[in-house]
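The residues of the chain are indexed from 1 along the displayed sequence. Quick note: numbers below take in every heavy atom, side chains included, and nothing from hydrogens, waters or symmetry partners.
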Amino acid sequence: MRQSSDIRYLSWDLLQSLQLTPQEILFSIEHLLLGRKRQQVWNAPKAVITPPDGRYMMATLAAADDPPFLAVKALVLNPDNPKNGLASINSLVTLLDSRSGLPLAVLDGNWVTAVRTAGLSAVAAKRLARPDASVAAFIGCGVQAHSHLQALAALFPLTEIRAFGRGTTSRDTFCRSAEKMGLTAVASETAREAMFDADLIVTSVTLSPQLVPFLDTRWLKPGVFVTMTDLAAPWLQESMAAFDRIIVDDLEQEASMDKPLVDPALVRGDLTGLVTGDAAERCTADERTAFVFRGLALGDLAVAGLAYQRACECSQGTLAGD
């Protein structure tokens with residue numbers, strides 16, 4: 001057992017250097033989802049504060065017996081941050097021993113959020129997307145687009161990506177990243193153009209009080225899978241019934257929220273149900289499927305715990321006493 005003073009700090013650069021693979025991340029999340037059904041993993045609904053100035057503040061909590069970790073994440077989204085040269089979202093994850101409560105590590109929450117969000121999407125895509133999916137569209141070209149590209153490329157035989165973003169610089173940077181992976185990259189002029197005939201779609205539009213929905217599910221081809229990391233905020237709610245199957249990350253969490261992500265009547269289950277078999281996977285090749293999610297604390301725990309274990313194995317991370 002580590003002493004309480006022996007706390008590791010894991011920065012973005014150090015976490016990136018651990019080179020956790022998309023498959024390892026997916027397996028870690030699936031392991032905890034299965035443990036949740038066995039009542040060996042616990043996931044609290046997120047707590048949210050929304051000041052009137054447009055900030056979004058959030059905290060998550062999850063714990064497990066195997067591995068014996070507890071993770072707490074605190075996050076602030078401020079749409080004004082980019083004006084000051086800062087990322088719009090900043091966060092921190094604290095990892096504790098779930099039995100003793102002794103602190104183990106503090107991790108860069110932005111890295112954990114990016115990786116776990118893509119990991120949650122990958123768990124859903126594995127069961128809801130067509131296995132032959134080869135064309136992916138990205139609406140929003142920031143951190144989440146990059147992490148999702150890595151995760152989806154590890155699962156599907158991608159050959160082409162389309163990218164649409166409100167900033168051409170981020171869009172072009174994202175396209176260059178895809179090209180370095182050997183993919184054809186198309187910089188689209190409109191969201192509809194990017195999504196046309198795509199097999200996989202990732203939307204990661206930055207949230208703000210000024211956001212007006214502009215994406216229509218009726219543009220989508222049969223057989224498509226869409227993952228919405230942005231609370232479905234940029235999607236026209238009246239068009240969501242065009243999906244044949246919608247899965248959310250956590251039914252319990254959804255029930256505790258004041259405003260649902262989508263009409264509850266359209267929801268066919270959650271991520272735990274998908275992994276345990278309690279919710280149906282894709283049933284036909286032509287189904288239009290979607291994963292709509294707020295973020296699951298269990299995902300933060302899965303990624304933070306995996307990163308901490310790898311850092312200990314490699315003797316990486318700055319110790320508090322150093």
Side-chain angles (χ1 to χ4, degrees), residues 9-10 12 29 32 36 41-64 69-96 98 101 103 105-121 140 142-144 147 203-213 227-235 237 248-264 267 270-272 291-305:
Y9 171 65
L10 307 181
W12 175 291
I29 294 173
L32 291 189
R36 189 180 184 193
V41 177
W42 301 272
N43 186 89
K46 63 168 58 177
V48 175
I49 298 172
T50 53
D53 60 4
R55 283 174 295 159
Y56 174 87
M57 304 175 181
M58 181 267 291
T60 68
L61 170 66
F69 299 139
L70 178 149
V72 179
K73 182 173 78 174
L75 176 150
V76 176
L77 184 156
N78 188 336
D80 292 332
N81 272 2
K83 300 175 185 177
N84 300 313
L86 301 172
S88 59
I89 296 176
N90 287 293
S91 60
L92 198 67
V93 174
T94 305
L95 195 69
L96 284 71
S98 63
V106 176
L107 300 86
D108 184 292
N110 288 18
W111 185 90
V112 172
T113 300
V115 172
R116 79 91 160 97
T117 305
L120 294 172
S121 290
V143 171
Q144 284 300 338
S147 61
T203 66
S204 55
V205 177
T206 301
L207 302 177
S208 76
Q210 294 76 39
L211 178 62
V212 176
T227 183
M228 306 176 187
T229 76
D230 42 29
L231 311 183
W235 291 86
Q237 286 296 309
V248 297
D249 47 354
D250 187 11
L251 289 171
E252 179 184 352
Q253 179 170 263
E254 269 305 283
S256 72
M257 295 296 164
D258 293 334
K259 181 181 178 182
L261 291 166
V262 297
D263 181 352
V267 177
D270 62 11
L271 203 58
T272 300
F291 179 47
V292 187
F293 62 120
R294 299 178 186 275
L296 193 61
L298 179 151
D300 295 316
L301 173 62
V303 172

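Residues I89 and T113 have side chains not in contact (no heavy-atom distance under 4.5 Å, counting atoms from C-beta outward). Annotation: side chain of E252 is not in contact with side chain of E254 (no heavy-atom distance under 4.5 Å). Using a 4.5 Å heavy-atom cutoff, the side chains of L95 and F69 are in contact. A 4.5 Å side-chain heavy-atom check between M228 and F293 finds every atom pair outside the cut-off. N90 places none of its side-chain heavy atoms less than 4.5 Å from the side chain of V76.
Side-chain atoms of D270 do not come within 3.5 Å of backbone N or O of V248 as any donor-acceptor pair. Side chain of K46 to backbone of R294: a donor-acceptor contact under 3.5 angstrom is found. Side chain of S147 to main chain of V115: no donor-acceptor pair is present (N/O by atom type, distance under 3.5 Å, no hydrogens or angles). A donor-acceptor pair is defined here as one N or O able to donate and one able to accept, closer than 3.5 Å; no such pair exists between the side chain of S91 and the backbone of L75.
Between L271 atom CG and L251 atom CG the span is 10.5 Å, to the nearest 0.5 Å. Taking CG of N84 as the reference point, atom CG of N78 lies at 8.0 Å (rounded to 0.5 Å). Between D300 atom CG and T94 atom OG1 the span is 11.5 Å, to the nearest 0.5 Å. Taken to the nearest 0.5 Å, the CZ atom of R116 stands 10.5 Å off from the CG atom of L298. Separation of atoms CG (L301) and CD1 (I29) is listed at 10.0 Å; rounding is to 0.5 Å. How far CG of N43 is from CG of L61: 8.0 Å, rounded to the nearest 0.5 Å.
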Listing, residues 256-264 side-chain donor-acceptor contacts under 3.5 Å, not counting sequence neighbours, or none:
from, atom 1, to, atom 2, distance (Å)
S256, OG, Q253, O, 2.7
D263, OD1, A265, N, 3.0

Please list every donor-acceptor pair under 3.5 Å in which a side-chain atom of residues 205-212 meets a protein atom from a residue at least two apart or in another chain.
from, atom 1, to, atom 2, distance (Å)
S208, OG, Q210, N, 3.4
S208, OG, L211, N, 3.4

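Taking the charged nitrogens against the carboxylate oxygens, R36 and D250 do have a contact shorter than 4.0 Å, which makes a salt bridge.
Between N81 and S88, the side chains place no donor N or O within less than 3.5 Å of an acceptor N or O (distance only, hydrogens not considered). A side-chain donor from one of D230 and T203 sits under 3.5 Å from a side-chain acceptor of the other.
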Item to complete: Would you sort out whether L92 and D108 count as a side chain to side chain contact (heavy atoms under 4.5 Å, CB included), showing the intermediate values?
Response: CA-CA 5 Å; L92 198 67; D108 184 292; 6.0 Å; no
Item to complete: Test side chain to side chain contact (heavy atoms under 4.5 Å, CB included) on Y56 and I49 and set out the steps.
Response: CA-CA 6 Å; Y56 174 87; I49 298 172; over 6 Å; no
Worksheet entry | Residues N110, W12; criterion side chain to side chain contact (heavy atoms under 4.5 Å, CB included); working and verdict | CA-CA 8 Å; N110 288 18; W12 175 291; 3.9 Å; yes
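The nearest pair of heavy atoms linking A232 to Q237 is O-NE2, 3.7 Å. Closest non-hydrogen pair, A114 versus Q144, comes out as CA-NE2, 3.3 Å. Nearest heavy atoms, S204 versus G140: OG-O, 3.6 Å.
Screening V143, V93, V303 against W111 for a side chain to side chain contact (heavy atoms under 4.5 Å, CB included) leaves a single residue, V303.
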